[in-house]
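Note that these values count all heavy atoms, side chains included, but never hydrogens, waters or copies made by symmetry. Each chain gets a letter, A, B and so on, in the order the sequences are listed, and its residues count up from 1.
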2 protein chains.
Amino acid sequence: MARWEPDARGRMLAAALDLFAEKGYDKTTAGDIAARAGVTERTFFRHFADKREVLFAGPTALDEVVAEAIAKADEAASPLEMVFAAAREGAARIAEQRTREQAARRTRIVQANPALQERELLKMAAMRSASQKALAERGVGDPAASLAAHSGVAVFQSGFDRWVSGETDLSLPECIDEAIVALHDLT
Amino acid sequence: MARWEPDARGRMLAAALDLFAEKGYDKTTAGDIAARAGVTERTFFRHFADKREVLFAGPTALDEVVAEAIAKADEAASPLEMVFAAAREGAARIAEQRTREQAARRTRIVQANPALQERELLKMAAMRSASQKALAERGVGDPAASLAAHSGVAVFQSGFDRWVSGETDLSLPECIDEAIVALHDLT
DNA sequence: CCGTTGATGTCAGTCACTGACATAGGAGGA
DNA sequence: TCCTCCTATGTCAGTGACTGACATCAACGG
């Protein structure tokens, strides 16, 4: 028999989501989460760098996904086409992992808390930075790479927002495509 | 005679910059800053919402500047032209307030610290949100407004980065214009 | 059977931040 | 002139996020 129940991390993840829904993020302490998961606070911080990170601990690192997508993009593709493909790829991964309702619930928690928004923005910036680097390896220099990466994040966010808004029945990738078209129309 | 030395806020601002340069942001406590400014830690937190905020406490709220610029943009301007004008306006304000060397020093501190990057990203997001709202009041709806706002921030960041990089002698507004041209070329 | 490893517990400590209340100069009115 | 309110600050105690150091002990490999 094991010394401890297995999957401490998974239990903490579940406990955190429950508690955030019950009492709100601010009123939930790291100790609360740990207690409900049957571990100590110290263990919580061994698994998650900080309290916010528990909301960003998906199995997928989006920045790796987009970097890979850009690396394997078509030879003849323009920088914008590359980042759009990356945005679609990232969207596909997200749609695989959660339903729109789950995504909406998580988004509501994040939007209600500036500290969490900051973390979300940092993740987006990481995605942008990864895109920029991947473009550089395909021979796209600045400022083109930087601007293209920004555009990729822009369509991703815009599409994602529309998807979770519930105003449409389109799938997430379809919302991304819609945003790409809208960006096209803008110029 | 006054009960306290005047301009506590200014003294804290100066003390903070000094200490960050001397010991680094992480190794400087809020109490250190307060002590050097001749006040108590409690007073520090009365003037600044948190420790990071002391690095973002410029006299200018960039989001108001861009909102105003968009509000008074030319009637016939396209959404993109509006946000570009706003980016130029914001850049002009910044260039008024600090030299490139000052901006570079501050940028170095921020780039060295993820927590500070998060805060910077939040400020950029506020600028984007303000742009989006101002565009909405000019009749530009989503997703166009959202995407245009993203583009505005993109050229702002790209131009700003180039300006502080020291690789050019162009002024900040000129760097913004360069970024705008580069974005144009991208499509 | 024994030494090592890895995930956890325990504990003490630092620091960011907050709420409640006290203090005293200065401004304005009676 | 005196009284009163206002405001910026001080004081103090408390909470909660996070960290470092060290202990524990099942499991695993030899």
Side-chain angles (χ1 to χ4, degrees), chain A residues 1-20 22-57 59 109-110 112-120 122-123, chain B residues 1-20 22-57 109-110 112-123:
Chain A
M1 180 167 131
R3 190 171 170 193
W4 297 283
E5 293 300 308
D7 195 23
R9 183 189 176 89
R11 264 152 42 221
M12 288 190 277
L13 236 18
L17 262 349
D18 284 355
L19 285 166
F20 293 163
E22 281 173 31
K23 326 198 286 183
Y25 176 84
D26 281 328
K27 303 209 167 178
T28 304
T29 72
D32 292 341
I33 301 170
R36 179 166 302 195
V39 296
T40 63
E41 188 184 331
R42 192 66 182 88
T43 292
F44 176 86
F45 285 113
R46 284 204 181 93
H47 283 266
F48 306 101
D50 56 48
K51 186 183 156 192
R52 309 179 210 170
E53 209 54 30
V54 74
L55 274 168
F56 298 87
I109 296 174
V110 172
N113 195 297
L116 295 174
Q117 289 175 48
E118 286 191 340
R119 182 54 52 84
E120 181 120 295
L122 192 64
K123 301 293 182 188
Chain B
M1 176 159 143
R3 189 169 171 193
W4 300 282
E5 293 300 309
D7 195 24
R9 183 188 176 90
R11 266 154 37 225
M12 288 190 278
L13 236 18
L17 262 348
D18 284 356
L19 285 166
F20 293 164
E22 281 173 31
K23 321 196 290 182
Y25 176 84
D26 282 328
K27 303 211 166 176
T28 303
T29 72
D32 292 341
I33 301 171
R36 178 165 302 195
V39 297
T40 62
E41 187 183 331
R42 191 67 181 85
T43 292
F44 177 85
F45 285 112
R46 284 205 182 92
H47 283 267
F48 305 102
D50 56 49
K51 186 182 155 193
R52 309 179 211 171
E53 206 58 24
V54 74
L55 274 168
F56 298 86
I109 296 174
V110 172
N113 195 298
L116 295 173
Q117 289 175 49
E118 287 190 338
R119 183 55 50 83
E120 181 121 295
L121 291 166
L122 192 64
K123 301 293 182 186

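- A:Thr28 meets the side chain to side chain donor-acceptor pair (under 3.5 Å) test with no other residue; sequence neighbours excluded.
- Under the salt bridge (Lys or Arg N to Asp or Glu O under 4.0 Å) criterion, no residue pair touches residues 7-16 of chain A, with sequence neighbours excluded.
- Spacing between atom NZ of B:Lys27 and atom C1' of C:dT14 amounts to 14 Å, rounded to whole angstrom units.
- Closest to the B:Thr40 side chain, of the nucleotides D:dA26, D:dT11, D:dT9, is D:dT11.
- Every salt bridge (charged side-chain N to carboxylate O under 4.0 Å, His left out) that A:Asp50 has, sequence neighbours left out, goes to A:Arg119.
- The existence of a salt bridge linking B:Glu41 and B:Lys51 is excluded, since no basic side-chain nitrogen approaches an acidic carboxylate oxygen closer than 4.0 Å.
- In this model, no side-chain donor or acceptor of B:Arg3 finds a partner on the base of D:dT9 within 3.5 Å.
- Listed pair A:His47 / C:dT8 meets the phosphate criterion, a side-chain N or O lying under 4.0 Å from OP1 or OP2.
- Here the NZ atom belonging to A:Lys123 is positioned 8.5 Å from the CD atom belonging to B:Glu118, to the nearest 0.5 angstrom.
- When the side chain to side chain donor-acceptor pair (under 3.5 Å) test is applied to B:Asn113, the partners found at least two apart in sequence or on another chain are B:Asp26.
- For B:Phe45, there are no ring-ring contact (aromatic ring centres under 6.0 Å, His included) partners at least two apart in sequence or on another chain.
- For A:Arg36, the salt bridge (charged side-chain N to carboxylate O under 4.0 Å, His left out) test picks out A:Glu22, with sequence neighbours left out.
- Rounding to the nearest 0.5 angstrom, the gap separating the CD1 atom in A:Ile33 from the CG atom in A:Asp18 is 10.5 Å.
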Please enumerate all protein N or O atoms sitting under 3.5 Å from an N or O of nucleotides 1-4 of chain C, with distances to 0.1 Å.
none

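- Overall bending of the helix from C:dC1-D:dG30 to C:dA30-D:dT1, expressed as the angle between end axes built from five pairs apiece, is 10° (10° steps).
- The side-chain contact (heavy atoms from CB on, under 4.5 Å) check on A:Leu55 picks up A:Leu17, A:Phe20, A:Tyr25, A:Arg106, A:Ile109, A:Leu116, with sequence neighbours excluded.
- Distance A:Met12 CE to C:dT8 C1': 10 Å, rounded to the nearest Å.
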Could you write nucleotides 13-22 of chain D as a row of B, S and -, 5' to 3', where a protein heavy atom under 4.0 Å of any base atom gives B, of only sugar-phosphate atoms gives S, and otherwise -? ---SSBBBB-
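- Per the geometry, CH2 belonging to B:Trp4 stands 16 Å off P belonging to D:dC6, to the nearest Å.
- B:Thr29 meets the side-chain contact (heavy atoms from CB on, under 4.5 Å) test with B:Asp32; sequence neighbours excluded.
- Whole-Å rounding puts the B:Leu116 CG to C:dA16 P distance at 12 Å.
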